[in-house]
Each structure stands twice: as structure tokens, then as C-alpha cells.
Amino acid sequence: MKNLLELDTLTIAKELLGYTFVHESVEGTAGGIIVETEAYLQGDPACHAYRRKSVRNAPMFGEAGTIYVYQIYGMHFCVNISTNKKDVGEAVLIRALQPTLGVELMQARRNTEEIKNLCSGPGKLVQALGIHKQMNNWHILDSDLKIISPSVQIVESEIVTTTRIGITQGADLPYRFYLKDNKFVSRKG
DNA sequence: CGTAAGATGAAG
DNA sequence: TTCATCTTACGG
């Protein structure tokens, strides 16, 4: 994983597919297999770090592995992992997981029994894993979050590349990746 | 200062 | 398809 974080952002976004993303909290362990990601790059108008470093987007400029949690639409949160060197504002958004760990806990947090509805969206997985704003700007190696490499490596033919969800700027850029035929990816796509 | 848009989700 | 909900960025 130390290795993983040294790669370029688009490669990391693809590599992350198949990794297990976990949060170990006092309530218990919860997590799943990453099945959908999006990359946000320098010079990309959809990137929160497109214009200027600010209080909000500062974690994107941190060392690779810095956690970026932000609130969206006044009610949901999304989690990113900063990539590239310090002072380069790039990151990978974790968009969906296939639930594997702490399913019961995630069902309680999400208030639904439906496995398909636990982590099939960036806001959903944040809620299911109990990720909160306090983790913003921490480094993942120094946090309760973990990313664990897959036992069987994902091959290129299993990865689908498309445009990103929910953006208006840079809408034509092919920076979204998900596992082919996986039923836990977020809806519109 | 005022305000519009935003990397969404749930319900109708 | 609509609406809930509120912070941040940007213009005046």
C-alpha cells in the first residue's frame, strides 16, 4: 500500500478497485471491497482543488494518503484519499463498496436491512462505516481507516471506465472506474 | 455581505 | 422527478 500511494492518481483510482476499505471504530469494524472510484486531478474543473488552496480543500494538497472528508448538499459526506506529492491537489473519491465486514453494524447505521443499499454511493458508505468529519486531514496510515490489498489482483478487463457522476464541469472526462457487472456500484451509471 | 450551486439520497 | 439542507466560493 505504501507502494500504491506513490502511483499517479488515475492509476491509484483503478488499483483501488478490489481493495478492502475498513473503519475500525469503538462500535466495531465495518467495511467492504471497493467497487467504484473517481479521480480528481490538477487542471480538472470538477476538482475541488481546481482553483485555490483553501481551508476546505487543503487535505487534497496533503501527502498521498491524507484523508479528505467534505460535506455536500448540506447533509451528506464523501470520503477521498489524497494522491500525488504534497502541494499537488489531487485525490480519489471512494464511491461504492461491496459490504463484507460488520454488515449488521452497517445495517444499523444505515437503518436498512438491504445489503445493496448499504454502501452503493459515496454518502452511503461514509454513513455505513461511521466515517465523520473529524477524520478530515488525517493520514490514513495514522487513522482508524485501512485499505487492504486484494488476495486476487483485479485485471484490466474487469474494470469499466466512464465519465463521473453528479458533476457539470469536466463531465466528459473518463475518470470514473468500477468493477464490471458488480451490483454494488452507485445507481446512475 | 448576498447568494447560487454543489463529487447526494430517499421518497413520491 | 422532486426536495431536503447548509457550507463554501465568488461577485458586488
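Worth saying up front: this structure is predicted, and the values here are computed from it rather than measured. Chain letters run A, B, ... following the sequence lines, proteins first, then strands; residues in each count from 1.
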How is A:Arg51 classified with respect to the nucleic acid when contacts are heavy atoms under 4.0 Å: base, sugar-phosphate, or nothing? sugar-phosphate
At under 4.0 Å, does any side-chain N or O of A:Arg52 touch on OP1 or OP2 of C:dC10? no
Are any non-hydrogen side-chain atoms of A:Val69 and A:His132 less than 4.5 angstrom apart? no
Among B:dG6, B:dA7, B:dG9, the one nearest A:Lys124 by side-chain distance: B:dG9
Regarding A:Glu38, tell me which of base, sugar-phosphate or nothing describes its non-hydrogen contacts under 4.0 Å with the strands shown. nothing
Between A:Ser82 and A:Thr66, is there a side-chain donor-acceptor contact under 3.5 Å, judged purely by atom types and distance? no
Expressed as a whole number of angstroms, how long is the span from A:Leu125:CG to B:dA7:P? 17 Å
Round to a whole Å and report the spacing from CG of A:Leu118 to P of B:dG9. 13 Å
So which nucleotide from B:dA7, C:dA9, C:dT7 ends up closest to the side chain of A:Gln71? C:dT7
What is the separation between atom OH on A:Tyr73 and atom P on C:dT8, rounded to the nearest whole Å? 16 Å
Give, ordered by number, those residues of residues 103-112 of chain A having at least one heavy-atom distance below 4.0 Å to an atom of DNA chain B; if nothing qualifies, reply none. A:Arg110
First encountered from the 5' end of DNA chain B, between A:Tyr68 and A:Gln127: A:Tyr68
Whole-Å distance, A:Ile72 CD1 to C:dT8 C1', equals 10 Å
Take a 6.0 Å sphere around CD of A:Glu104 and say whether it holds more than 12 heavy atoms from other residues, nucleotides or ligands. no
Phosphate OP1/OP2 of B:dA5: any A:Thr168 side-chain N/O under 4.0 Å: no
Would you mind telling me which of B:dA7, B:dA10, B:dT8 lies closest to the side-chain atoms of A:Asn117? B:dA10
So A:Arg56 and A:Tyr68, do their side chains get closer than 4.5 Å, heavy atoms only? yes
Side-chain heavy atoms of A:Ile115 within contact of A:Gln107, under 4.5 Å: yes
Is any side-chain heavy atom of A:Ile131 less than 4.5 Å from a side-chain heavy atom of A:Phe21? yes
Identify whether a stacking contact exists between A:Tyr40 and B:dA7, where the ring centres must be under 5.5 Å apart and the planes under 30° apart. yes
If we only count heavy atoms from C-beta on, is the A:Leu145 to A:Ile81 side-chain gap below 4.5 Å? no
Would you kindly give the CD1-to-P distance between A:Ile131 and B:dT8, to the nearest whole Å? 16 Å
If you find the nucleotide of DNA chain C closest to A:Lys133 and the one closest to A:His76, which residue's nucleotide is nearer the 5' end? A:His76
Roughly how many Å is it from NE2 in A:His48 to C1' in B:dT8, rounded to a whole number? 12 Å
Could you write out DNA chain B as a dot-bracket string, with dots for unpaired bases, | for bases paired across to another strand, and Watson-Crick or G-U pairs counted at under 3.5 Å? ||||||.||||.
Looking only at B:dG6, B:dT8, C:dT5, the nucleotide nearest the A:Ile165 side chain is B:dT8
Base, sugar-phosphate, or nothing for A:Arg56, non-hydrogen atoms under 4.0 angstrom? sugar-phosphate
A:Ile67 side chain near A:Val79 side chain, heavy-atom distance below 4.5 Å: yes
Should we say atom CG of A:Asn111 is surrounded by more than 12 heavy atoms from elsewhere, each under 6.0 Å from it? no
Can you tell me which nucleotide in C:dA4, B:dA10, B:dA7 comes closest to the side chain of A:Ile167? B:dA7
When the distance from CE of A:Met75 to C1' of C:dT2 is rounded to whole Å, what number comes out? 12 Å
Whole-Å distance, A:Met60 CE to C:dA9 P, equals 13 Å
Kindly confirm or rule out a cation-pi arrangement of A:Arg95 over A:Tyr178, judged by NZ or CZ under 6.0 Å from the six-membered ring centre and within 45° of its axis? no
Polar contact flag, side-chain donor to acceptor under 3.5 angstrom, A:Arg110-A:Gln127: yes
